[in-house]
Structure formats: structure tokens, C-alpha cells
Amino acid sequence: MFTKAILLAAAFAAVPALAYETVTCTKNATQNIITSISPNTGFCTMLTGYGVYPVAPNEGCASVYCYGPKSDLGPVMPAGYILSANYLVNTTYTQVTGCIDSSVWAQNPTDEGGQMDSHGWPYSCVGFKKFVSLIEPATNTYCLRCCDADNNIDCNTSISTKGCWNVVPGVYAMADGTVCKPPVGAPVAATTTVTSGVAATTVSGATATSTGTSTGSTGSTGSTGSTGSTGSTGSTGSTTSSSTGSSTSNSSTKGGVSVSAGSRASVEVMGAVAALALAVAASF
């Protein structure tokens, strides 16, 4: 009995007080944390504050900005920041990928970016159980995928260092089919193809109107040093794209950011430890 009590105490002592990563950055007084996506109306995604870099250590202070019609979820995306929006909708998730102009938001051209999601942070996506998003200044790319299921099959939040091309395979190009152009001073060259793991003309038989592109990824360096992606986008779906124009600017500064990939793993460990604690308690 005494031994069981010791084991139970040890198990609970090992459980962290918080279920999410520790926030080490300074949050703005107002932090919008609910994202959304709709190919018909636009999307709202996480963005670190103006001039805040690197993105990664500021993920916990990021806030939502919206591209498209005015939304109650957050202010309008900075004018000229989103350069293209390529949507993909299938039976298990909806995503948007494309190009950005990181200079509009005073982001560092050498910053490989960071991932903001519903696993490491208390963020969410309207109508979906899980989401993952990345902003990558060094390659001027971004991605957002919202998933029906809370698992790592469609929304894999455990490979953030591999970049958008691997986390959210899709179209990374302008409306005319040209690749996203890295900013001046970036440590990487332009990607050699514009699609990553998704057919450019059809997706499982559905007509696609993407940004006119090749199929598969053969040499993207990604925003975090990955070497391309060969993963598929899943089941049936269709892609659409839109070039960008600018939306009305809202230059209010929001906080930005992340912790290491190791700390994400600690959340998984926490769950296992909690399960152990319950098991020990049940044995009394």
C-alpha cells in the first residue's frame, strides 16, 4: 500500500502544470487565437507581431489576421503580405498554401519561420478539431491546414522543422505559376518546382484550378532546410487558387511565437504520465 502511494505521488509530480508549451515571449493585450478557412471567403491564420523575429520563439504570442472579407476573428491581414492563396479541399481537411512578401511585415529574410498550431498552443480552427500553420519569411511561403480529426495523419504537428513543403504539401506559387520568390538576403534559392506532393491539374479525379504547375516536389529547400516532399494530400479533393491583391492594412502590432520541437514532445509525455497516474490510482 505504501509503495502504491509513493508511485502515485511520483506520477502526479511528473505531470506539468500546463498542457501547452511555456510562453516565453510578451503577449499583446489582445491576442486573437481562433483561425478559420473557407475557399469561398478567405482565411484567418496566425501571424507574429510586426518586426518580431525569429518567428519560432514567438509562436506563443502570435495572433490571428484575416485575408479576405472583414472578420470578427481578427484584424485584416497587412496589405500586400499575402501574394497568392491556393486552396485544397478534400474529405478530411481544408488547406491554403502560397506566397508572402515578408518585407511588408518587417520580417527577417534569414528567418526560416515557425509553426503555430492547436497542439502546442491553445489555438483552434473554426469547425475543425485540429490545425497546423507555418509562416516562413526566408522562403516567402506560408501554409494553413485545418483537419476534421485530431491526429497526426492529416495535421502532423510533430515535424515543424521540415517546413510547409512537408507539413502541408500543396501549391507554393503565384497565380501565374511562378515560384514563391525568397526575399533579398535570404539564405536559400528559389524553389525548383511549385507544387509539393499534390497533382496540379487533378486531385483524385476532381478538376483543379491551381496556379498552373508541375506535379510533385523535386528540390525545394523549404523554409527550414527540408529537401522537398513526396507525401500525398489525402483523399478526394479539388484545388483552387487566387492571386492576391492587397487587403486593407491594419498595422497594429501583435506579439509573435515558439519553443523547441522537444517541448512539443513533452506534451505527449505528459499524457503518458497522466495515464500512469490514473492506472496506479485505480489499483488501490
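Since the model is a prediction, treat every value here as computed from it, not as a measurement. In what follows, every heavy atom counts, from backbone to side chain, and hydrogens, waters and symmetry copies are set aside.
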Novice: Are any side-chain N or O atoms of S118 and backbone N or O atoms of F131, one a donor and one an acceptor, separated by less than 3.5 Å?
Specialist: yes
Novice: What closest approach, in Å, do N86 and G98 show between heavy atoms, and which atom pair accounts for it?
Specialist: ND2-CA, 3.8 Å
Novice: Using the test side chain to side chain contact (heavy atoms under 4.5 Å, CB included), find all partners of T110 that sit at least two apart in sequence or belong to another chain.
Specialist: N108, P187
Novice: Taking Q115 for its side chain and T161 for its backbone only, find out whether a donor-acceptor pair lies under 3.5 Å.
Specialist: no
Novice: Looking at N140, I135, T141, T139, which one forms a side chain to side chain contact (heavy atoms under 4.5 Å, CB included) with P137?
Specialist: I135
Novice: Between the side chains of T157 and D117, does any donor sit under 3.5 Å from an acceptor?
Specialist: no
Novice: Could you list the residues that satisfy side chain to side chain contact (heavy atoms under 4.5 Å, CB included) with P109, not counting sequence neighbours?
Specialist: P183
Novice: What's the separation between atom OH in Y81 and atom OG in S103, rounded to the nearest 0.5 Å?
Specialist: 10.0 Å
Novice: OG1 of T92 to CG of D154: how many Å apart, nearest 0.5 Å?
Specialist: 3.5 Å
Novice: How would you list, by chain and number, every residue that makes a side chain to side chain contact (heavy atoms under 4.5 Å, CB included) with S124, sequence neighbours excluded?
Specialist: I34
Novice: What distance separates F128 CZ from S36 OG, expressed to the nearest 0.5 Å?
Specialist: 9.5 Å
Novice: Does any part of the side chain of N32, heavy atoms only, come nearer than 4.5 Å to the side chain of T30, both counted from C-beta?
Specialist: yes
Novice: Between W121 (side chain only) and I33 (backbone N and O only), is there a donor and an acceptor less than 3.5 Å apart?
Specialist: no
Novice: For F43, give me all partners under ring-ring contact (aromatic ring centres under 6.0 Å, His included), at least two apart in sequence or on another chain.
Specialist: Y67, Y142
Novice: Does a side-chain heavy-atom distance below 4.5 Å link Q107 with L47?
Specialist: yes
Novice: Please list, chain by chain and in numerical order, all residues satisfying side-chain hydrogen bond (donor to acceptor under 3.5 Å, both in side chains) with Y53, sequence neighbours excluded.
Specialist: none
Novice: Hey, does V55 have a side-chain heavy atom less than 4.5 Å from the side chain of M116?
Specialist: yes
Novice: Do K129 and N151 get their side chains close enough for a donor-acceptor pair, meaning under 3.5 Å?
Specialist: no
Novice: Could you state the interatomic distance from OG1 (T91) to CG (D148), rounded to the nearest 0.5 Å?
Specialist: 8.0 Å
Novice: For I100 and E136, run side chain to side chain contact (heavy atoms under 4.5 Å, CB included): C-alpha distance rounded to whole Å, both residues' side-chain angles, the deciding distance at 0.1 Å, then the answer.
Specialist: CA-CA 9 Å; I100 60 174; E136 305 173 316; over 6 Å; no
Novice: Any side-chain heavy-atom pair from V167 and R145 closer than 4.5 angstrom?
Specialist: no
Novice: Is there a side-chain contact between Q31 and Y123 (heavy atoms, below 4.5 Å)?
Specialist: yes
Novice: Using side-chain hydrogen bond (donor to acceptor under 3.5 Å, both in side chains) as the criterion, list what pairs up with S71, not counting sequence neighbours.
Specialist: none
Novice: Identify the two heavy atoms, one from V64 and one from C44, that lie closest to each other, and give their separation to 0.1 Å.
Specialist: CG1-CB, 3.5 Å
Novice: Which pairs pass disulfide (SG to SG under 2.5 Å) with one or both residues in residues 101-140, sequence neighbours excluded?
Specialist: C125-C146
Novice: Answer whether the closest heavy-atom distance between the side chains of K130 and N152 falls below 4.5 Å.
Specialist: yes
Novice: Between Y65 and V76, is there a side-chain heavy-atom distance shorter than 4.5 Å?
Specialist: no
Novice: Of all the heavy-atom pairs spanning P54 and D111, show the shortest one and how long it is.
Specialist: CA-OD2, 3.2 Å
Novice: Got a second to check how far L134's CG is from T97's OG1, nearest 0.5 Å?
Specialist: 12.0 Å
Novice: Listed by chain and number, what are the side-chain hydrogen bond (donor to acceptor under 3.5 Å, both in side chains) partners of T35, not counting sequence neighbours?
Specialist: none
Novice: Where do V23 and C61 land on the side chain to side chain contact (heavy atoms under 4.5 Å, CB included) test, with the steps shown first?
Specialist: CA-CA 7 Å; V23 175; C61 298; 3.7 Å; yes
Novice: Are Q95 and C155 packed together at the side-chain level, in the sense that at least one heavy-atom pair is separated by less than 4.5 angstrom?
Specialist: no
Novice: Atom OG of S84 and atom CG of D101: how far apart are they, to the nearest 0.5 Å?
Specialist: 11.5 Å
